[in-house]
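Within every chain, numbering begins at 1; the chains are lettered A, B, ... in the order of the sequence lines, protein sequences first and strands thereafter.
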Protein chains: 4
Amino acid sequence: MYGWENFLSERDKLHDLQWGKKELSGFGSKPALVLIDMYYSVVGLTREPIFESMKTWPGSTGLEGWAAVDKTAELLAVARETGVPVVHVKGLNNGMKPWVHRKPRASTMSAEMKRKGEQICDEVAPIAGEVVIEKTAPSGFQGTPLAFHLISMGIDTVILCGESTSGCLRASAVDAATHRFKVGVPMDCAYDRTEASHWMNLYDMHQKYADVIDAEAAKSYFRKLAAGSEPALTRMAS
Amino acid sequence: MYGWENFLSERDKLHDLQWGKKELSGFGSKPALVLIDMYYSVVGLTREPIFESMKTWPGSTGLEGWAAVDKTAELLAVARETGVPVVHVKGLNNGMKPWVHRKPRASTMSAEMKRKGEQICDEVAPIAGEVVIEKTAPSGFQGTPLAFHLISMGIDTVILCGESTSGCLRASAVDAATHRFKVGVPMDCAYDRTEASHWMNLYDMHQKYADVIDAEAAKSYFRKLAAGSEPALTRMAS
Amino acid sequence: MYGWENFLSERDKLHDLQWGKKELSGFGSKPALVLIDMYYSVVGLTREPIFESMKTWPGSTGLEGWAAVDKTAELLAVARETGVPVVHVKGLNNGMKPWVHRKPRASTMSAEMKRKGEQICDEVAPIAGEVVIEKTAPSGFQGTPLAFHLISMGIDTVILCGESTSGCLRASAVDAATHRFKVGVPMDCAYDRTEASHWMNLYDMHQKYADVIDAEAAKSYFRKLAAGSEPALTRMAS
Amino acid sequence: MYGWENFLSERDKLHDLQWGKKELSGFGSKPALVLIDMYYSVVGLTREPIFESMKTWPGSTGLEGWAAVDKTAELLAVARETGVPVVHVKGLNNGMKPWVHRKPRASTMSAEMKRKGEQICDEVAPIAGEVVIEKTAPSGFQGTPLAFHLISMGIDTVILCGESTSGCLRASAVDAATHRFKVGVPMDCAYDRTEASHWMNLYDMHQKYADVIDAEAAKSYFRKLAAGSEPALTRMAS
């Protein structure tokens with residue numbers, strides 16, 4: 001059980017049986033950990049259920065978001081320990097027309113609160129030597145030098161965390177696979193506002209672009225590489 | 001009712017209420033119609049239910065696929081009548097490592113059948129003067145000159161049809177929005193193998209990247225432009 | 001006479017005669033003015049001949065650089081008057097491996113002076129409402145959202161100024177043509193450290209990617225558009 | 001002596017002395033050999049001096065072109081022997097507006113001759129297992145999956161041959177450096193119609209984007225890698 005099974009139709013379940021089990025693609029020997037859009041504005045400043053949190057931060061993902069931030073913080077610590085390069089991706093507001101097809105909503109939020117909302121959460125904030133890439137697109141690869149940076153480090157595998165599962169994380173996973181990187185998405189490090197979107201995008205990524213795993217499997221992969229042992233195909237314990 | 005409502009959780013429905021209704025973004029004055037991956041191998045050579053069709057064509061979308069091909073053929077006819085440029089996007093197999101993270105399956109299909117499967121369905125096949133773009137990625141924009149071609153024609157709006165809703169169509173919609181084109185997806189011209197993926201990707205596109213409409217609305221948009229009248233914001237009749 | 005004739009070999013002059021005169025491509029109805037890398041570090045803080053200026057700023061282009069900055073300032077004023085969108089492109093140092101294949105040189109320059117060197121010259125500095133794009137590549141189009149921004153404004157023509165003629169300006173002109181924008185390069189708004197590179201890159205751009213004109217021709221083009229009259233093919237007075 | 005010295009002005013020579021000698025960047029452990037636009041139409045079907053050859057093939061580079069084709073054939077043989085992946089890049093005419101800013105010239109050439117002109121010269125033609133990438137841009141990287149293909153093979157170094165030195169070869173070298181590949185250009189495998197452009201573009205590439213070497217140095221680099229020895233910084237014997 002991954003979690004998406006609840007959202008499939010009966011026909012879909014039958015189709016999956018006919019189509020056959022997805023086999024994992026596996027990872028390479030030179031991963032990077034890429035964190036996508038892990039701001040305060042999508043979790044709020046305090047840990048509250050989504051409908052509470054939305055009162056201040058309309059885009060909040062609530063407690064599920066905070067749980068994923070915490071899991072990502074654990075994985076980030078292991079990446080740093082094991083020498084896996086870390087890249088932080090965040091939005092850039094440079095005055096260009098935004099990509100999102102959504103009317104901006106009136107906001108009574110103070111400029112200071114807005115600035116706070118745009119900051120990466122302390123739990124997963126960049127440290128010296130970690131590159132921060134700013135984007136004006138859903139995907140961390142579009143209109144940014146992310147691919148150049150990964151190539152410069154000889155990266156062959158991208159482990160992606162962040163939000164939203166159905167937006168910037170998904171778009172980045174598609175582009176990482178397009179660039180022929182091997183892609184891993186720890187499902188407990190991904191978060192979204194919409195449950196059905198969260199699960200169905202994990203399903204889609206697992207079918208087409210990535211191995212959906214969990215944070216423990218990603219940690220184990222980083223540690224095995226650091227120990228010089230060949231990583232086995234890692235999968236989420238089910 | 002669009003159709004995705006059935007796949008949302010109770011919390012999601014409540015969240016949508018709180019988040020507020022999506023307003024349509026609207027289209028521009030210079031559209032192109034872009035058809036994505038409308039091959040025989042994803043509908044089969046004959047019109048059969050998906051589980052029948054899969055016996056020969058594992059990737060088939062069955063009768064739902066054929067219904068979308070027929071709707072697209074109608075829209076394509078109107079695009080040609082009204083002078084809307086048409087671009088066909090299809091896969092290219094040039095010996096590169098494929099993007100898809102899926103083990104190739106053994107196949108007993110003859111080389112001739114495989115070639116047939118790679119052909120665009122007659123109903124929506126290119127005619128002289130229509131550019132065909134070949135891709136090695138989910139998105140029609142990645143590793144192709146599609147954006148260059150659209151810029152060369154002064155396009156501001158991309159109407160996207162084809163499959164799969166959760167794969168190449170979705171990836172192309174994300175990139176079209178990233179490039180700051182206005183994006184329309186006629187839902188009855190989109191098809192997929194997985195019902196939940198089909199509907200949730202339409203939902204995601206409508207929330208973030210595109211106006212999800214129907215073929216009638218797209219036809220009406222093309223016709224109003226050709227008649228010189230300002231297109232109103234078009235939406236799916238509900 | 002453009003100026004590059006002095007750098008051609010006798011065979012080249014004969015070849016140009018055989019090959020035939022380059023005809024201008026002409027411009028469109030929706031231009032943007034794009035300024036590339038117009039920093040203090042490539043002209044110095046004071047107006048001095050190149051070999052003087054290099055003592056402090058090794059990359060300086062000296063008085064020829066300042067002359068081009070002044071011409072660009074005039075053109076910029078006309079762009080602002082006539083409502084032509086302006087985009088400023090500059091380098092970004094975000095810790096990534098740089099693209100340049102050149103060993104960094106030891107520098108005794110103070111951090112303050114370095115910062116000053118990275119600033120756009122006051123004469124051509126951005127004002128409110130003008131987008132600044134930061135790049136980690138020679139070309140303003142690579143790893144940046146410049147193309148997205150131009151598409152969002154319906155731009156069909158890019159007028160390029162800045163430096164170096166043989167580096168970032170040239171790379172940006174190639175990419176502008178690749179994207180199917182019409183391209184103009186006012187030769188008196190382009191500058192370089194190496195005379196032969198300056199002239200031969202103008203020659204190459206004029207042969208392949210752009211109409212090389214002068215600042216007066218570009219001003220006249222902007223003014224005719226603002227006045228609602230059809231711009232003629234503009235060329236450098238010879 | 002490289003050859004470009006003859007095209008520099010006196011000031012340029014003095015500037016180069018002040019600026020300091022370019023140090024080679026060196027190559028990596030996983031090269032690919034990429035051949036750009038090595039068609040018959042740019043050398044003609046028979047080996048004739050440029051002005052003779054131009055009578056039939058206006059874009060011909062004449063005997064200098066053929067000399068570079070022969071040198072490239074030698075290097076290609078060594079790449080194949082030593083297991084260095086080879087990629088062929090050529091133009092694609094798919095009906096899109098071309099990138100070149102040049103009026104098409106009337107031609108009385110037969111359709112058959114035109115087709116012949118578009119074929120890669122037999123001396124350097126692709127063999128089974130070598131990927132051919134088609135482009136609609138000067139650079140082999142723009143609007144193509146070339147970068148994806150190089151990433152999929154773990155390439156860190158690109159050795160570029162072909163033509164024109166001042167056009168597609170140069171544009172590809174800039175993009176290879178932009179993508180953070182190490183770049184080598186064997187100068188005797190590069191060819192152009194214009195002598196000054198040929199030499200000044202080699203100069204520019206050597207200053208900014210690539211190590212300009214010769215075919216012997218590239219062969220030696222491939223052979224040392226195959227023999228398991230560390231390649232020294234390779235340079236053209238001067």
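- Rounding to the nearest 0.5 Å places NZ of B/K97 at 10.5 Å from CD1 of D/I151.
- Proximity to chain D at a heavy-atom threshold of 4.5 Å picks out nothing from residues 32-43 of chain B.
- Taking B/A147, B/A137, B/G143 one by one and counting their heavy-atom pairs under 4.5 Å with chain D, the maximum is reached by B/G143.
- The two residues D/M96 and B/F148 come nearest to each other via the heavy atoms CE-CB, 4.1 Å.
- Among the residues in residues 112-135 of chain D, those with a non-hydrogen atom closer than 4.5 angstrom to a non-hydrogen atom of chain B are D/V131, D/V132, D/I133.
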